[in-house]
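A quick note: this is a predicted structure, and the numbers were derived from the prediction, not measured. One-based numbering, in listed order, for ligands and for the atoms of each.
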Amino acid sequence: MPATPKPPPYRGRFAPSPTGPLHFGSLVAAFGSWLMARHAGGEWLIRIEDLDPPREVAGAMAHQLATLATVGLQSDGPVLRQSERSPMYHAALDRLLASGDAFECHCSRSALADTRGVHRQCVATAARSDPSIRLRVRDDTVIGFADAVRGDYQQDVATQVGDFILRRADGFWAYQLAVVVDDAAQGVTDVVRGADLLDSTPRQILLQRMLGLPTPRYAHLPLLADGHGRKLGKSQAAAPVDAQNPVPVLRMAWAALG
Ligand code: GLU
């Protein structure tokens with residue numbers, strides 16, 4: 001009898017951007033993905049998404065990692081830093097450029113104001129020295145997926161998002177490209193994260209398909225609620241986690257996850 005291939009083990013991840021101290025909303029996402037990974041008997045990784053130096057805060061990465069460790073959330077493997085992975089993003093971008101799926105764009109933000117920032121064709125009249133690189137999204141690119149929390153979700157990437165940026169005009173890598181390259185490189189099977197990223201997922205699935213990478217399962221956690229189903233205010237969600245008191249914090253995160 002031929003051996004059935006073993007399904008890949010469950011591997012989840014938490015991918016904070018080091019833009020400040022870990023806030024409660026992020027902790028809930030971290031705790032949620034950790035719980036799902038442990039429940040499945042799988043692994044859980046931390047990846048630092050330090051792709052945007054202008055928005056980064058010195059010491060934030062160390063502070064976030066220390067806070068996570070205090071509440072018992074530690075990466076099962078080395079902590080990956082996106083700032084060290086430029087060659088991988090370059091390789092992916094080069095493939096998309098070579099296939100004609102990516103292109104240099106000289107449009108300014110103001111030139112795209114008429115279409116609310118949605119790029120369908122270049123409207124720039126002059127070349128700029130720092131073009132961005134975008135993914136060409138063909139007409140009728142409708143991407144759907146089954147979210148473990150939200151159910152079926154569908155987006156027409158062409159009309160709702162347009163040709164999106166892979167490398168910014170300032171030379172930094174776009175989140176969408178880096179997250180796809182790294183989720184695949186780390187063998188992530190399950191992405192559990194906040195619902196604010198739900199509408200990024202079709203873009204990521206599109207990129208996975210174009211690059212021939214596997215699509216993980218997705219679960220987008222609802223916006224924070226207190227233990228009684230009331231939505232948590234922005235300031236509560238944005239409050240830094242008090243690492244001196246891990247137990248009450250975890251209890252609150254548990255309640256928020258419902
Ligand atoms: N780095 C992103 C953030 O902090 C999260 C990316 C992800 O989980 O895909 O919002």
Side-chain angles (χ1 to χ4, degrees), residues 10-37 42-57 59-65 67-68 73 75-77 79-86 88-89 92 143 145 147-150 153 155 161 164-166 168 172-208 211 213-224 234 237-241 253 256-257:
Y10 186 110
R11 193 173 288 152
R13 52 57 156 191
F14 174 58
S17 306
T19 50
L22 193 78
H23 55 76
F24 184 67
S26 291
L27 178 76
V28 171
F31 192 36
S33 66
W34 181 90
L35 283 167
M36 304 268 279
E43 297 171 3
W44 185 76
L45 301 174
I46 299 176
R47 176 172 75 229
I48 300 294
E49 301 211 318
D50 50 352
L51 281 180
D52 195 353
R55 289 188 54 227
E56 273 148 37
V57 171
M61 177 184 79
H63 191 270
Q64 290 181 341
L65 290 173
T67 305
L68 288 165
L73 303 183
S75 183
D76 291 325
V79 173
L80 209 70
R81 291 188 61 175
Q82 289 193 321
S83 57
E84 293 167 358
R85 294 185 46 77
S86 209
M88 306 297 155
Y89 311 143
I143 306 269
F145 68 102
D147 188 86
V149 177
R150 307 287 288 242
Y153 183 84
Q155 185 182 67
V161 178
F164 57 89
I165 290 189
L166 303 172
R168 297 166 15 181
F172 295 123
W173 297 104
Y175 156 69
Q176 308 291 356
L177 178 70
V179 75
V180 161
V181 168
D182 287 340
D183 280 339
Q186 292 188 285
V188 169
T189 62
D190 289 78
V191 172
V192 180
R193 60 187 176 192
D196 54 323
L197 291 165
L198 183 67
D199 70 352
S200 282
T201 306
R203 263 170 280 180
Q204 294 170 20
I205 294 174
L206 176 61
L207 272 174
Q208 287 154 4
L211 291 165
L213 301 172
T215 291
R217 288 177 289 263
Y218 288 95
H220 288 87
L221 301 171
L223 292 179
L224 287 186
K234 258 217 155 68
V241 171
L257 284 165

K.L.:
For the residue pair L51 and A178, what are the closest heavy atoms and their distance?
P.N.:
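Heavy atoms of L51 and A178 come nearest at CD1-CB, 3.4 Å.
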K.L.:
At less than 3.5 Å, what protein N or O atoms come close to the N or O atoms of ligand 1? Include the distances to 0.1 Å.
P.N.:
| residue | atom | partner | partner atom | Å |
| --- | --- | --- | --- | --- |
| ligand 1 | 1 (N) | A15 | O | 2.7 |
| ligand 1 | 1 (N) | S17 | OG | 2.9 |
| ligand 1 | 1 (N) | E49 | OE1 | 2.6 |
| ligand 1 | 4 (O) | S17 | N | 3.4 |
| ligand 1 | 4 (O) | S17 | OG | 3.2 |
| ligand 1 | 8 (O) | R13 | NH1 | 2.6 |
| ligand 1 | 9 (O) | R13 | NH1 | 3.4 |
| ligand 1 | 9 (O) | R13 | NH2 | 2.9 |
| ligand 1 | 9 (O) | Y175 | OH | 2.8 |
| ligand 1 | 9 (O) | R193 | NH1 | 2.8 |

K.L.:
State plainly whether the residues R168 and D52 are in salt-bridge range, i.e. N to O under 4.0 Å.
P.N.:
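Salt bridge between R168 and D52, a charged N being under 4.0 Å from a carboxylate O: yes.
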K.L.:
Donor-acceptor pair, Q186 side chain versus I46 backbone, under 3.5 Å?
P.N.:
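Here the side-chain-to-backbone pair does not exist.
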K.L.:
By side chain to side chain contact (heavy atoms under 4.5 Å, CB included), which residues pair with S200, not counting sequence neighbours?
P.N.:
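If we apply the side chain to side chain contact (heavy atoms under 4.5 Å, CB included) test to S200, skipping adjacent residues, the hits are Y175, Q176, L197, R203, Q204.
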K.L.:
Which residues pass the side chain to side chain donor-acceptor pair (under 3.5 Å) test with R81, sequence neighbours left out?
P.N.:
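Per chain and number, R81 pairs via side chain to side chain donor-acceptor pair (under 3.5 Å) with D50.
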K.L.:
Taking salt bridge (charged side-chain N to carboxylate O under 4.0 Å, His left out) as the test, write out the residues that go with D182, two or more places apart.
P.N.:
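Residues passing salt bridge (charged side-chain N to carboxylate O under 4.0 Å, His left out) with D182: R85.
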